[in-house]
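Data first, discussion second: the structure below is written as structure tokens.
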Amino acid sequence: TTPKERDGKVSNLRNINDATVTMGGDLFKNPTYRNVAPRLGFAWDVTGDGRMAVRGGAGMFYEQPLFYLYRSPIFRSVPFVDRGVTSRPVLPIDISKLGSGGVPDTEPFPYDLNSTYTVQYNLNVQRELPFFGTVASLNYMSSRGHNLFGQGDINLAIPEIRPDGTQFWAAGAKRRNPNFGTVRSVLQGFRSEYNGVSFGLEKRRSNGFAAQLSYTYGNSKDNRSGAGGRLEFRNGQSRTFDPYNIDLDWGRSDFDVRHNLTANASYDLPFGKGKVYGGWQINVIGTYASGVPFSPIIPGDPDRDGSTENPGRPDLVPGCNSNVVPGGRSANLWFNPQCFAFPTPGTRGNAKRNSLEGPALATVDFAIVKTTPITGGLQVQLRLEVFNAFNRANFDIPLNDPDGSAIFDDKGNRLADAGKISALATDGREVQFAIRILY
């Protein structure tokens with residue numbers, strides 16, 4: 001169903017060209033009446049003895065817009081909330097002169113809504129191997145997302161279209177709707193795709209030993225990795241680069257990790273007997289993951305489209321590989337900022353979203369456990385646990401701006417800390433002693 005307010009105290013800017021918001025009525029049209037979500041799956045015992053299985057499935061899954069998406073037209077829309085921005089104001093403040101020439105900001109939601117859905121499919125093979133009680137698996141997974149949500153300022157200036165098809169914003173270009181300043185709108189039409197292959201080995205427990213290994217190679221792409229305007233992922237961007245050409249943001253998802261390897265083992269030590277001296281176990285788990293992507297950006301309004309909500313991006317220097325750093329990568333310089341140039345004022349840079357990759361992550365955790373039965377089902381467990389046992393420094397991504405790694409300021413000056421890593425993604429080695437009561 002669509003939300004309604006008892007006294008009609010709901011407003012929404014249904015079209016960017018409307019002079020005023022629409023008061024009352026439905027907040028958005030309900031597109032869900034004809035949603036059909038078919039799903040199909042199968043399982044096949046290939047050898048007939050339960051030792052090899054092939055399974056697969058496909059399905060369509062709809063997602064309704066939740067409250068956090070459409071709350072803005074209720075909580076942050078004129079006339080119920082009137083907001084503006086000022087810098088170094090002279091007191092007393094004249095409220096009518098805040099914002100963009102005294103016009104209000106607002107936050108609408110799409111009125112002609114389309115259903116958001118994903119199509120998912122997978123195929124996997126499991127085989128029990130004839131030695132060591134081991135099971136192997138090979139899996140293919142894929143999904144496609146349609147009509148996904150995002151956010152951006154849609155009240156941009158209208159650009160000139162040059163003969164080569166590129167856009168240009170002249171200095172002082174005005175927003176397309178002069179009745180409003182920033183129109184931070186929820187948007188639809190974003191899409192995503194994922195393809196991944198995983199391989200696994202599982203050694204079932206025998207003679208006190210069990211182990212698992214899992215490796216996934218995956219590739220996730222989209223033009224928006226989160227539905228809201230805030231940063232669901234620290235390495236992402238809050239809002240779309242260009243709400244009228246959202247495919248300019250097509251690239252690696254904020255959560256795209258190409259390689260992910262996990263291995264763990266557990267062994268019941270054979271020495272010691274009885275409640276007092278027995279019950280010793282060693283556990284170890286290791287993880288390796290390749291780096292997450294992040295974007296080169298320019299804060300402010302370098303393209304002069306009238307908005308500072310949608311960060312700009314620099315131009316790529318032809319023939320320069322930003323991932324190759326003279327003298328080698330280090331925490332002081334993870335990528336080469338000289339491979340980026342400030343774009344011609346009034347144009348959008350051609351550097352891609354999430355075209356840079358952060359450092360890989362690797363950790364090994366270790367534990368010695370002593371379990372002592374007390375009575376009935378009550379047990380006491382003493383634990384010595386070591387996290388990041390080899391004390392590896394797992395570096396964070398370079399991040400000198402909330403929306404990515406800034407290369408320039410909006411005047412074209414190079415930033416001295418571009419490409420510099422200033423934090424770790426994990427803690428150093430930690431040793432923990434613990435007592436657990438199991439019942």
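Scope of the values below: all heavy atoms of this structure, side chains included, with no hydrogens, waters or symmetry mates. No experiment lies behind these values; they were computed from the predicted model shown.
Inspection of the Y117 and N35 side chains reveals no N or O donor paired with an N or O acceptor under 3.5 Å. With no hydrogens or angles considered, no side-chain donor-acceptor pair links S77 and E107 at under 3.5 Å. A donor atom on one side chain and an acceptor atom on the other are found under 3.5 Å apart for N354 and D254. Checked by atom type, the side-chain pair N323/R329 shows a donor-acceptor distance below 3.5 Å. Checking S266 against N283 by side-chain atom types alone, a donor-acceptor pair falls below 3.5 Å. Checking S307 against D153 by side-chain atom types alone, a donor-acceptor pair falls below 3.5 Å. Residues N336 and S322 have side chains that never bring a donor and an acceptor to within less than 3.5 angstrom of each other. Side-chain contact of N139 with S198: a donor-acceptor pair under 3.5 Å is present, judged by distance alone. At a cut-off of 3.5 Å, with distance as the only test, a side-chain donor of S295 or Q237 sits close to an acceptor on the other residue. In this structure, a donor-acceptor pair under 3.5 Å is absent between the side chains of S225 and R252. Side-chain contact of N394 with R392: a donor-acceptor pair under 3.5 Å is present, judged by distance alone. Judged by distance alone, the side chains of N30 and T32 do bring a donor and an acceptor atom under 3.5 Å apart.
Nearest heavy-atom pair across G404 and I297 is N-CD1, 3.9 Å. Closest heavy-atom contact between E357 and W334: O-NE1, 2.8 Å. Summarising the geometry of F28 relative to T2, their closest heavy-atom pair is O-CG2, 3.0 Å, with the distance given to 0.1 Å. Here the closest heavy-atom approach between residue S115 and residue N147 is recorded as O-ND2, 3.0 Å. Scanning all heavy atoms of the two residues, the minimum distance from A331 to F395 falls at CB-CE2, 3.8 Å. In terms of heavy atoms, V36 sits closest to Y62 at O-CE1, 3.2 Å.
Aromatic pair H259/Y288: ring centres not closer than 6.0 Å.
Between the N12 side chain and the F109 main chain, a donor and an acceptor come within less than 3.5 Å of each other. Within the 3.5 Å criterion, the main-chain N or O of I246 finds no donor-acceptor partner in the side chain of D249. In terms of modelled atom types and a separation under 3.5 Å, the side chain of S290 and the main chain of V257 share no donor-acceptor contact. T118 contributes no side-chain N or O that, together with a main-chain N or O of R144, makes up a donor-acceptor pair within less than 3.5 Å. Looking at D409, its side chain does come within 3.5 Å of a backbone N or O of G412 through a donor-acceptor pair. Panel note: side chain D105, backbone T182; a donor-acceptor pair is recorded below 3.5 Å. For the pair N391 (side chain) and R429 (backbone), a donor-acceptor distance under 3.5 Å is present. A side-chain donor-acceptor contact under 3.5 Å links R313 to the backbone of A351.
Side chains of L201 and Q212 form no contact here, defined as non-hydrogen atoms less than 4.5 Å apart.
Using a 4.0 Å cut-off between a side-chain N of Lys or Arg and a carboxylate O of Asp or Glu, R234 and D396 qualify as a salt bridge. Contact check on D268 versus R205 returns a salt bridge, with a Lys/Arg side-chain nitrogen under 4.0 Å from an Asp/Glu carboxylate oxygen. Between D222 and R353, at least one side-chain nitrogen of the basic residue sits less than 4.0 Å from a carboxylate oxygen of the acidic one, meeting the salt-bridge criterion.
If you run side-chain contact (heavy atoms from CB on, under 4.5 Å) between P79 and each of T20, V21, T106, only V21 comes through.
One finds the CG atom of L69 at 9.0 Å from the CD atom of Q151 (value rounded to the nearest 0.5 Å). Going from atom OG1 of T371 over to atom CZ of R436 covers 9.0 Å, rounded to the nearest 0.5 Å. Summarising the geometry, atom CZ belonging to F149 is positioned 9.0 Å from atom CG belonging to L66; distances are rounded to the nearest 0.5 Å. Residue I368 holds its CD1 atom at 11.5 Å from CZ of R383, rounded to the nearest 0.5 Å. In this structure, OH on Y244 lies 9.0 Å from CG on D242, to the nearest 0.5 angstrom.
A search for side-chain contact (heavy atoms from CB on, under 4.5 Å) contacts involving S405 returns F294, F335, P398, N400, not counting sequence neighbours.
For residues 283-309, every residue pair satisfying the salt bridge (charged side-chain N to carboxylate O under 4.0 Å, His left out) rule, not counting sequence neighbours, is listed here: R184-E309, R239-E309, D303-R348, D305-R348. Residues in residues 398-420 take part in these ring pair (Phe, Tyr, Trp, His ring centres under 6.0 Å) pairs, two or more places apart or across chains: F342-F408.
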